[in-house]
Trainee: 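Got a structure for you, written out below as structure tokens; questions coming shortly.
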Amino acid sequence: MTKTRSLRWSLPTLLLAATVDATDMPLNMTRGVTEISQQVYDLHMTIFWICCAIGAVVFGIMFWSIVRHRKARGVQPAQFHESTKVEILWTAIPVLILILMAIPATKTLIAMEDTTEADVTVLVTGSQWKWHYKYLENDVEFYSLLATPKEQITNRFAKGENYLLEVDRPLVIPTGKKVRFLMTSDDVIHSWWVPAFAVKKDANPGFINEAWTRVDEPGIYRGQCAELCGKDHGFMPIVVIAKSPADYEQWVNGEAERIAKAKAEEQELLAMNMSMEELMSVGARTYTAYCAACHQPSGEGLPGIFPALKGSAMALNDMPGHINIVLNGKAGTSMQAYARQLSLKEIAAVITYERNAWGNNTGELVQAADVHAVMQGKGE
């Protein structure tokens with residue numbers, strides 16, 4: 001009797017405990033920080049408890065029937081066939097439950113898809129394996145890359161608190177403003193996912209998907225690509241910083257100044273010649289950050305997948321072709337276009353590095369003016 005009574009009370013106790021701690025359960029959905037994310041969470045929990053209640057009723061009746069009507073008690077089974085009332089009942093009840101669940105779900109889905117009257121619009125472009133952000137109301141755009149040190153990934157250093165969830169350039173948005181995201185891709189299918197915003201949209205090449213958010217409190221919010229987009233899928237994080245409107249405007253103005261200064265410096269650079277030492281130093285850093293993942297630190301590539309640069313005909317002979325492929329990439333391969341990702345100085349330096357590292361030793365220097373000439377179609 002004692003054991004039966006304890007089992008009888010265990011289910012309600014567990015349900016009550018789950019209700020109290022639902023938001024703290026590590027495997028539960030994130031409540032989030034936006035109004036939409038709260039709606040999604042509440043909808044999720046409502047349907048979850050409806051499913052729990054249905055399961056408790058169905059299994060309760062089933063086990064009660066098994067125990068109360070077992071053969072050992074001499075119970076004779078009732079004989080009935082094609083009961084119209086029973087069939088109507090077990091059809092009508094699920095339909096009513098589905099309707100009751102569909103009403104709040106439809107309201108939430110409509111709200112999630114309403115991207116009208118946005119205050120800020122950001123074009124989000126997925127690229128193997130980074131994100132490109134372009135603010136359509138301002139002349140601000142940049143790439144956001146993984147900032148976790150390679151030594152942590154290879155287990156040489158202890159992993160940090162935000163391991164694989166840190167970037168060099170986070171997306172910045174204003175608080176209290178409706179921010180619309182336009183999602184697309186320039187290679188394969190990616191998925192931009194920030195759980196705290198309840199935003200998860202695929203970025204498909206050739207298509208544009210829309211999503212939006214409104215964050216009320218300043219903070220740092222993290223996410224990652226949620227689509228299997230290639231070998232470095234796990235190294236494509238998202239970091240969003242929500243700033244007050246005043247701080248956001250200050251950031252936008254600072255970015256505009258930074259971009260204008262960079263363009264002015266590039267114009268000055270066209271008239272300058274960098275030394276081999278400077279080019280090799282900058283080139284080594286750039287190669288490690290952007291090229292080594294595919295072509296390997298040794299320049300030997302991966303046979304059958306990524307071509308070797310060490311001893312290659314292009315790196316030893318064809319300078320204009322070498323510049324062109326770094327600038328514009330190569331269609332049908334994993335070779336990306338770096339014209340928008342790197343400065344003229346970085347492109348000139350990394351090409352110089354590839355033509356003089358690992359024993360290539362061509363002795364040739366590529367200057368920013370050489371890169372600019374190819375960009376303008378004036379290369380040899």
Trainee: Looking only at heavy atoms, which two atoms of Met335 and Ile325 are closest? And how far apart?
Mentor: CE-O, 3.5 Å
Trainee: Does any non-hydrogen side-chain atom of Ile173 lie less than 4.5 Å from one of Val215?
Mentor: yes
Trainee: Tell me the closest heavy-atom pair linking His233 and Glu227, and the distance in Å.
Mentor: ND1-O, 2.5 Å
Trainee: Between Trp192 and Lys201, is there a cation-pi geometry (under 6.0 Å to ring centre, at most 45° from the normal)?
Mentor: no
Trainee: What is the distance from atom CD of Glu346 to atom OG1 of Thr286, rounded to the nearest 0.5 Å?
Mentor: 4.5 Å
Trainee: Does Arg73 have more than 12 heavy atoms from other residues, nucleotides or ligands lying within 6.0 Å of its CZ?
Mentor: yes
Trainee: So if you build clusters from Ile, Leu, Val, Met, Phe, Trp, Tyr with side-chain heavy-atom gaps below 4.5 Å, do Ile93 and Ile50 land together?
Mentor: yes
Trainee: Does His69 have its ring centroid less than 6.0 Å away from the ring centroid of Trp64?
Mentor: yes
Trainee: For the backbone of Asn361 and the side chain of Asn356, can you confirm whether one donor and one acceptor N or O come within less than 3.5 Å of each other?
Mentor: no
Trainee: Rounded to the nearest 0.5 Å, what's the gap from OG1 on Thr148 to NZ on Lys159? Could you check?
Mentor: 10.0 Å
Trainee: Over all heavy atoms of both residues, which pair between Leu89 and Pro94 is shortest? Give the atoms and the distance, please.
Mentor: O-CD, 4.3 Å
Trainee: Are side-chain heavy atoms of Val326 and Ile351 found at a separation under 4.5 Å?
Mentor: yes
Trainee: I'd like to know if Tyr248 and Trp212 are part of one continuous hydrophobic network [Ile/Leu/Val/Met/Phe/Trp/Tyr, side-chain heavy atoms within less than 4.5 Å].
Mentor: no
Trainee: Under the criterion side-chain hydrogen bond (donor to acceptor under 3.5 Å, both in side chains), I'd like the reasoning laid out for Asp202 against Ser191: C-alpha separation, chi angles, the key distance, then a yes or no.
Mentor: CA-CA 4 Å; Asp202 280 354; Ser191 185; 3.2 Å; yes
Trainee: Strictly by modelled atom types, are Glu210 and Thr115 linked by a side-chain donor-acceptor pair under 3.5 Å?
Mentor: yes
Trainee: I'd like to know if Arg258 and Glu255 make a salt bridge, using a cut-off of under 4.0 Å between side-chain N and carboxylate O.
Mentor: yes
Trainee: Report the distance from atom CG of Leu136 to atom CG of Leu182, rounding to the nearest 0.5 Å.
Mentor: 6.0 Å
Trainee: Does any N or O in the side chain of Thr91 come within less than 3.5 Å of the main-chain N or O of Ile88, such that one atom is a donor and the other an acceptor?
Mentor: no
Trainee: Can you tell me if NZ on Lys177 sees more than 12 non-hydrogen neighbours from other groups inside 6.0 Å?
Mentor: no
Trainee: So, Gln38 side chain and Thr34 main chain: donor-acceptor pair closer than 3.5 Å or not?
Mentor: no
Trainee: Could you please spell out the steps behind the side-chain contact (heavy atoms from CB on, under 4.5 Å) verdict for Leu316 and Asn360?
Mentor: CA-CA 7 Å; Leu316 293 175; Asn360 286 349; 3.8 Å; yes
Trainee: Kindly say whether Pro307 contributes a backbone atom to a donor-acceptor pair with the side chain of His295 at under 3.5 angstrom?
Mentor: yes
Trainee: Treating Arg222 as the side-chain partner and Leu165 as the backbone partner, does any N or O pair qualify as donor plus acceptor under 3.5 Å?
Mentor: yes
Trainee: Looking at Trp251 versus Tyr135, is the centre-to-centre ring distance below 6.0 Å?
Mentor: yes
Trainee: Under 3.5 Å, side chain of Thr352 to main-chain N/O of Leu279, donor-acceptor pair present?
Mentor: no
Trainee: Could you walk me through whether Asp187 and Ser127 pass side-chain contact (heavy atoms from CB on, under 4.5 Å), step by step?
Mentor: CA-CA 6 Å; Asp187 40 49; Ser127 179; 3.6 Å; yes
Trainee: Could you verify whether a donor N or O on one side chain and an acceptor N or O on the other, from Asp114 and Thr116, lie under 3.5 Å apart?
Mentor: yes
Trainee: Are the side chains of Asn28 and Phe48 in contact, using a 4.5 Å heavy-atom criterion?
Mentor: no
Trainee: Aromatic rings Tyr353 and Trp358: how do their planes relate, parallel, tilted or perpendicular, breaks at 30° and 60°?
Mentor: perpendicular
Trainee: Can you establish whether the number of heavy atoms outside Asp139 located under 6.0 Å from its atom CG is more than 12?
Mentor: no
Trainee: Can you establish whether the number of heavy atoms outside Tyr163 located under 6.0 Å from its atom OH is more than 12?
Mentor: yes
Trainee: Quick one: does any side-chain atom of Trp131 pair with a main-chain N or O of Val124 as donor and acceptor, under 3.5 Å?
Mentor: no
Trainee: Assess whether atom CZ of Arg70 is packed by more than 12 heavy atoms of other residues, nucleotides or ligands within 6.0 Å.
Mentor: yes
Trainee: Could you check if a side-chain atom of Thr175 sits within less than 4.5 angstrom of a side-chain atom of Pro245, using non-hydrogen atoms only?
Mentor: yes
Trainee: Starting from Phe207, walk the hydrophobic network (Ile, Leu, Val, Met, Phe, Trp, Tyr; side-chain heavy atoms closer than 4.5 Å) and list everyone else you reach, by chain and number.
Mentor: none
Trainee: Check whether Trp129 forms a cation-pi arrangement with Lys231 (NZ or CZ under 6.0 Å from the six-membered ring centre, at most 45° off the ring normal).
Mentor: yes
Trainee: Can you tell me if CD on Gln152 sees more than 12 non-hydrogen neighbours from other groups inside 6.0 Å?
Mentor: yes
Trainee: Evaluate the side-chain proximity of Leu164 to Ile153: yes if any heavy-atom separation is below 4.5 Å, no if none is.
Mentor: yes
Trainee: side-chain hydrogen bond (donor to acceptor under 3.5 Å, both in side chains), that's the test. Do Asp186 and His132 meet it? Break it down for me.
Mentor: CA-CA 10 Å; Asp186 58 15; His132 180 260; over 6 Å; no
Trainee: Can you tell me how far apart CD1 (Ile323) and CE (Met319) are? Round to the nearest 0.5 Å.
Mentor: 6.0 Å
Trainee: Roughly how far, to the nearest 0.5 Å, is CD of Glu137 from OG1 of Thr121?
Mentor: 4.5 Å
Trainee: Please check if atom CD in Glu87 has more than 12 non-hydrogen atoms from other residues, nucleotides or ligands closer than 6.0 Å.
Mentor: yes
Trainee: Only one of Leu145, Val167, Asp232, Leu146 passes side-chain contact (heavy atoms from CB on, under 4.5 Å) with Lys130; say which it is.
Mentor: Leu145
Trainee: Using atom types as modelled and distance alone, determine if a side-chain donor or acceptor of Ser65 lies under 3.5 Å from a backbone N or O of Ile61.
Mentor: yes
Trainee: Do Tyr290 and Phe306 belong to the same hydrophobic cluster, where Ile, Leu, Val, Met, Phe, Trp and Tyr are linked whenever their side-chain heavy atoms lie under 4.5 Å apart, directly or via other members?
Mentor: no
Trainee: Test your reading of the model: is there a side-chain donor-acceptor pair from Asn317 to the backbone of Met314, 3.5 Å cut-off?
Mentor: no
Trainee: Under 4.5 Å between side-chain heavy atoms, hopping through other hydrophobics if needed: is there a path connecting Val199 to Val40?
Mentor: no
Trainee: Please confirm whether the backbone N or O of Lys243 pairs with a side-chain atom of Asp247, one donor and one acceptor, at under 3.5 Å?
Mentor: no
Trainee: Which distance, rounded to the nearest 0.5 Å, do you find between the NZ of Lys345 and the CD of Glu266?
Mentor: 10.5 Å
Trainee: Should Arg169 and Glu141 count as an ion pair when the cut-off is N to O under 4.0 Å?
Mentor: no
Trainee: Would you check, one step at a time, whether the test side-chain contact (heavy atoms from CB on, under 4.5 Å) holds for Thr125 with Lys134?
Mentor: CA-CA 8 Å; Thr125 305; Lys134 182 176 183 179; over 6 Å; no
Trainee: Taking Tyr133 as the fixed residue, which of Ile238, Leu123, Val240 is the one that meets the side-chain contact (heavy atoms from CB on, under 4.5 Å) rule?
Mentor: Ile238
Trainee: Taking it one step at a time, do Asn204 and Ser185 satisfy side-chain contact (heavy atoms from CB on, under 4.5 Å)?
Mentor: CA-CA 5 Å; Asn204 299 311; Ser185 169; 5.9 Å; no
Trainee: Write down the atom of Gly223, the atom of Pro195, and the distance for their closest heavy-atom approach.
Mentor: CA-CD, 4.1 Å
